[in-house]
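Read through the structure below, which is laid out as structure tokens, and then see the notes.
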Amino acid sequence: MAPASVEETGMTIAPYTVTDPVAEHGEGPVWSGRWGGLRWVDMLAGDVLALDPQGVVRRRHVGAVAAVVRPRVSGGYLVAAERELLLSDSDDLDAPLRSLGEAWTDPSIRMNEGGCDPDGRFYIGSMAYDAARGRGSFYVAEPGGALRVVLLEVTISNGFGFSPDGALAYYADTETGRVDVLDYDPESGLGGRRPFAVIDPAQGAPDGLTVDAEGGVWVALWQGGAVHRYDAGGRLDAVISLPVRKVTAVTFGGEHLDRLFITTSALDVDRTEQPEAGAVFAADPGVRGLPVLPTTL
């Protein structure tokens, strides 16, 4: 379905700002009631950000890169940094972090985006700083934190999420212009990768994603100034248009998981033309999301 058809049916959703443009490269929003709300990253500043109930943004520096933040089953949280995983035993944003060790030594490759499967395993993707084709990988962390390759030769490993029943995983390697779907088995893991939705390059490139309780997949469009929702069959059925072009990631949050939070980037953006670049936006899409999947690490 073309965007014009979506607009003709009225399936457009208006966004609104939640924060000032606080991030240079906002990414990876996650909602956890245990944290008291939303956390996300200013990725290339190496900072984890938190939004308190009063609307105040707090910031915690963790290293050269802060790629992903996720709650831990045992309490505390995980941060994927430039080339290592960091663990905190407390939900407090400023709690001490300990490293599980350097995952690789090549300084030209960094961690980028990831998430957890329904059984608590943590997955992390990588990319080259210069976004060279095929230099990234998609890994799963073993119980001790060592990374095992799941997908080779990816370029910009990005969105990762699961269907409501946990049987399907959605994954975006931005350079491909697709969101792919994989089968998930608790014993054998991920397999059967195949295209789910193809994005016209004129509409941007797929970045972060999240899945709602009806099985719809919400995809942030880098350079597209929008978020698309694809139904469980891969058909475009809703659009959120934003006043900034570099839309990076999405997550559901709020007490009832019925508010969609959207992060954006000001990286190489003229803020006089896009003054809200780097802000967090939200929308009320009329559907609920799924609770965040925590990691057992």
Side-chain angles (χ1 to χ4, degrees), residues 1-7 11-12 25-29 43 67-68 109-115 123-139 150-163 168-183 190-212 215-242 244-251 260 262-265 267-269 274 277:
M1 186 181 293
S5 299
V6 172
E7 290 166 4
M11 294 301 291
T12 56
H25 185 55
E27 262 282 10
M43 185 179 284
V68 180
I109 305 292
R110 65 171 178 83
M111 294 184 177
N112 193 53
E113 177 62 285
Y123 295 72
I124 184 68
S126 65
M127 63 173 287
Y129 271 102
D130 65 0
R133 179 173 293 185
R135 291 202 62 212
S137 299
F138 189 55
Y139 303 90
V150 176
L151 300 173
L152 280 168
E153 296 183 355
V154 302
T155 300
I156 304 175
S157 189
N158 252 314
F160 184 58
F162 281 80
S163 60
L168 299 173
Y170 300 95
Y171 173 73
D173 177 1
T174 295
E175 190 268 343
T176 66
R178 300 191 313 267
V179 176
D180 291 338
V181 60
L182 300 94
D183 300 310
L190 298 172
R193 182 181 179 184
R194 56 205 182 270
F196 169 72
V198 179
I199 289 90
D200 183 337
Q203 297 177 340
D207 202 318
L209 63 82
T210 194
V211 183
D212 66 38
V217 182
W218 298 79
V219 183
L221 296 182
W222 178 258
Q223 292 285 28
V227 174
H228 282 182
R229 182 191 192 263
Y230 297 89
D231 68 16
R235 292 174 294 274
L236 177 65
D237 67 358
V239 173
I240 304 171
S241 295
L242 290 106
V244 299
R245 292 197 57 78
K246 293 184 173 179
V247 185
T248 56
V250 285
T251 197
L260 188 71
I262 305 162
T263 52
T264 66
S265 175
L267 198 64
D268 301 320
V269 167
Q274 300 177 55

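Hydrogens, waters and symmetry mates play no part in the numbers below; they use all other heavy atoms, side chains included.
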If you measure from CG on D173 to CD on E153, what distance do you get to the nearest 0.5 Å? 11.0 Å
With a 3.5 Å distance limit and no angle check, can you tell me whether Q274 reaches the backbone of R245 through a side-chain donor-acceptor pair? yes
Take F160 and F138 through the test ring-ring contact (aromatic ring centres under 6.0 Å, His included) and record every step on the way to the result. CA-CA 10 Å; F160 184 58; F138 189 55; 5.0 Å; yes
Once rounded to the nearest 0.5 Å, what's the spacing between atom OH of Y129 and atom CD1 of I109? 10.0 Å
Please tell me if the side chains of I240 and W218 come closer than 4.5 Å, counting only heavy atoms from C-beta onward. yes
How long is the gap from OG on S157 to CE on M127, to the nearest 0.5 Å? 10.0 Å
Residue pair L190, Y123: steps toward the side-chain contact (heavy atoms from CB on, under 4.5 Å) verdict: CA-CA 11 Å; L190 298 172; Y123 295 72; 3.7 Å; yes
Minimum heavy-atom distance between A220 and A249, given as atom pair plus value: CB-N, 3.4 Å
Please name the residue in the list T176, V179, T174 that meets the side chain to side chain contact (heavy atoms under 4.5 Å, CB included) test with I199. V179
Hey, does the side chain of D180 reach the backbone of Y171 with a donor-acceptor pair shorter than 3.5 angstrom? no
When rounded to the nearest 0.5 angstrom, what distance separates CG in N112 from CD1 in I124? 7.5 Å
Between G234 and A197 the two heavy atoms that sit nearest each other are O-CB, 4.2 Å
Where the side chain of K246 meets the backbone of L267, is there a donor-acceptor pair that is under 3.5 Å apart? yes
Could you tell me which non-hydrogen atom of F196 sits nearest to which non-hydrogen atom of A232, and how far apart they are? CE1-O, 3.5 Å
Answer yes or no: is there a donor N or O on one side and an acceptor on the other, between the side chain of T264 and the main chain of V247, under 3.5 Å? no
What's the spacing between L236 CG and M11 CE if we round to 0.5 Å? 9.5 Å
Would you mind reporting whether N158 and E27 have side-chain heavy atoms less than 4.5 Å apart? yes
Show the nearest heavy-atom pair for residues A128 and A132, with the distance to one decimal. CB-N, 3.8 Å
Heavy atoms, side chains only, cut-off 4.5 Å: are V211 and L168 in contact? no
Measure the CG-CG distance between D212 and L260 for me, rounded to the nearest 0.5 Å. 9.0 Å
Say whether, by atom type as modelled, one donor and one acceptor occur between the side chain of D231 and the main chain of G216 under 3.5 angstrom. no
Hey, is D183 close enough to R194 for a salt bridge, meaning N to O under 4.0 Å? yes
Short question: side chain of T248, backbone of T263 - any donor-acceptor pair under 3.5 Å? yes
For the student: nearest non-hydrogen atoms of E113 and A67, plus distance: OE1-O, 4.4 Å
Counting only heavy atoms not in R133 (residues, nucleotides, ligands), do more than 12 fall under 6.0 Å from its CZ? no
Going by atom types alone, do S137 and S126 pair a side-chain donor with an acceptor below 3.5 Å? no
Any carboxylate oxygen within less than 4.0 angstrom of a Lys/Arg side-chain nitrogen, looking at R235 and D237? no
